[in-house]
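Presented below is the structure to which this report refers.
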Amino acid sequence: MKLCRSITLLLGISIASARSTSSVIIPPTTSNDPTQIEFIASSNKLNTPKIFNVHPTMYGQVWTFDAISSKDPSYSILAVFYASPEVASTNNSLDVVVYVQAGPGWLYTVASKFAEFAELNTHGNGTSGVWKGTGCSFSASDDMSTMTIDFTNPFEITGSVVLNAVAPPHYPCSPTEIGASMEFVPHFGWDNAVPDAKTNVDLKVDGTQVKFEDGIGYQDLSWADISFPDALEHYSWAHGRLGPYSIVWFAGEEPDEAAAPNSTIGPIQSFSVEIPFENQVIVAHLIVNNVLLSVNDGTLVHGTGAIRGGVKDGSMDYSGSAGFEYSTSV
Ligand SMILES: *[C@@H]1O[C@H](CO)[C@@H](O)[C@H](O)[C@H]1NC(C)=O
Ligand SMILES: *[C@@H]1O[C@H](CO)[C@@H](O)[C@H](O)[C@H]1NC(C)=O
Ligand SMILES: *[C@@H]1O[C@H](CO)[C@@H](O)[C@H](O)[C@H]1NC(C)=O
């Protein structure tokens, strides 16, 4: 069992001046050369590519963004930038898939065309990425206080999602320190550049404007040199905001009482977690409201819901919105 989680009081992010620039091109094709993969943090640049020479059977690397309206979790967006032969295609590992939810039952899913290549440029701690030819890109400020996703022609969705970070970046089980491990389970790396962000969503989706300014935003990078199910068969992941707390949890491998899904039969309905934080325990209960993605008979579900909780045995009781993903073996 591996349980990694972060919890932070909302903090400002300090601005610093150190600058450096690097550029990486990810080709659409796989390689048979020896794979290089990074699991020990060598910098504070959480979104640089972490795996090179990806073979056809590998998960590769995936930049994930999402945002959920804090007032109504049935408004949300999930945008996933793949450099993954396993998920995209062995002939072209580069595409972008976006899910937009705008009210109960209103769900739009679109995959981009395959990219000619992906270009990742890193300035300071921020990495920007262009999936060339898809109309999909993201950009980051040097200090990682802001990330923006842009969609334009020929992508079917147009507009932008702007994340203003309100919690500091995090490695799986530690704050961001050089030398820290980013290996969540063997062969699978995960880092969380933006655990929580005040987020503006302004999109045009199939003629419909989808706009909310109170989004709870999030961004992470995951990577592996084996297939995803071989690395992580079951897991529960969620993020959300409870009063002054930003919460992220990611529990992998085995079901565990620390992140117990409340479902033995049928689709997942709720989760409960208890997270130690500064000599206290924060409890959170997530009720599933909306499912964006359900595959393999509901054994993999991604969705949004309402989260409620506070300090255990304390008087505080907060509620908010959250996004989650849950996977169990069949
Ligand atoms: C992938 O490329 C191979 C070799 O060029 C080809 O035989 C195969 O049909 C392609 N697959 C797809 C899904 O395009
Ligand atoms: C990058 O992150 C480190 C560690 O948080 C910080 O000291 C440094 O100032 C940051 N660089 C920029 C350009 O914000
Ligand atoms: C499990 O979910 C059901 C239905 O949402 C709820 O009534 C029950 O209290 C939950 N149990 C726990 C332990 O959270």
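Atoms within a ligand are numbered from 1 in the order they appear, just like the ligands themselves. When a residue number appears, it is its place in the shown sequence, counting from 1.
- When each atom of ligand 2 is checked for a heavy atom of Asp142 under 4.0 Å away, the hits are 12 (C), 13 (C), 14 (O).
- For ligand 2, the atoms sitting less than 4.0 Å from at least one non-hydrogen atom of Asn125 are 1 (C), 2 (O), 3 (C), 8 (C), 10 (C), 11 (N), 12 (C), 14 (O), numbered in the order shown with element in parentheses.
- Ring planes of Phe184 and Phe250: parallel class, angle under 30° (limits at 30 and 60°).
- Residue contacts with ligand 2 for Asp143 involve both N, CA, C or O and side-chain atoms from C-beta outward (heavy atoms, distance under 4.0 Å).
- Classification of the Trp63-Phe138 ring pair by plane angle, with boundaries at 30° and 60°, yields tilted.
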Please report the C-alpha distance between Tyr235 and Trp190 in whole Å, then the side-chain angles of each, then the deciding distance to 0.1 Å, and finally whether the ring-ring contact (aromatic ring centres under 6.0 Å, His included) criterion is met. CA-CA 13 Å; Tyr235 60 93; Trp190 175 63; over 10 Å; no

Step by step, would you call Trp249 with Leu286 a side-chain contact (heavy atoms from CB on, under 4.5 Å)? CA-CA 12 Å; Trp249 79 73; Leu286 191 161; 4.1 Å; yes

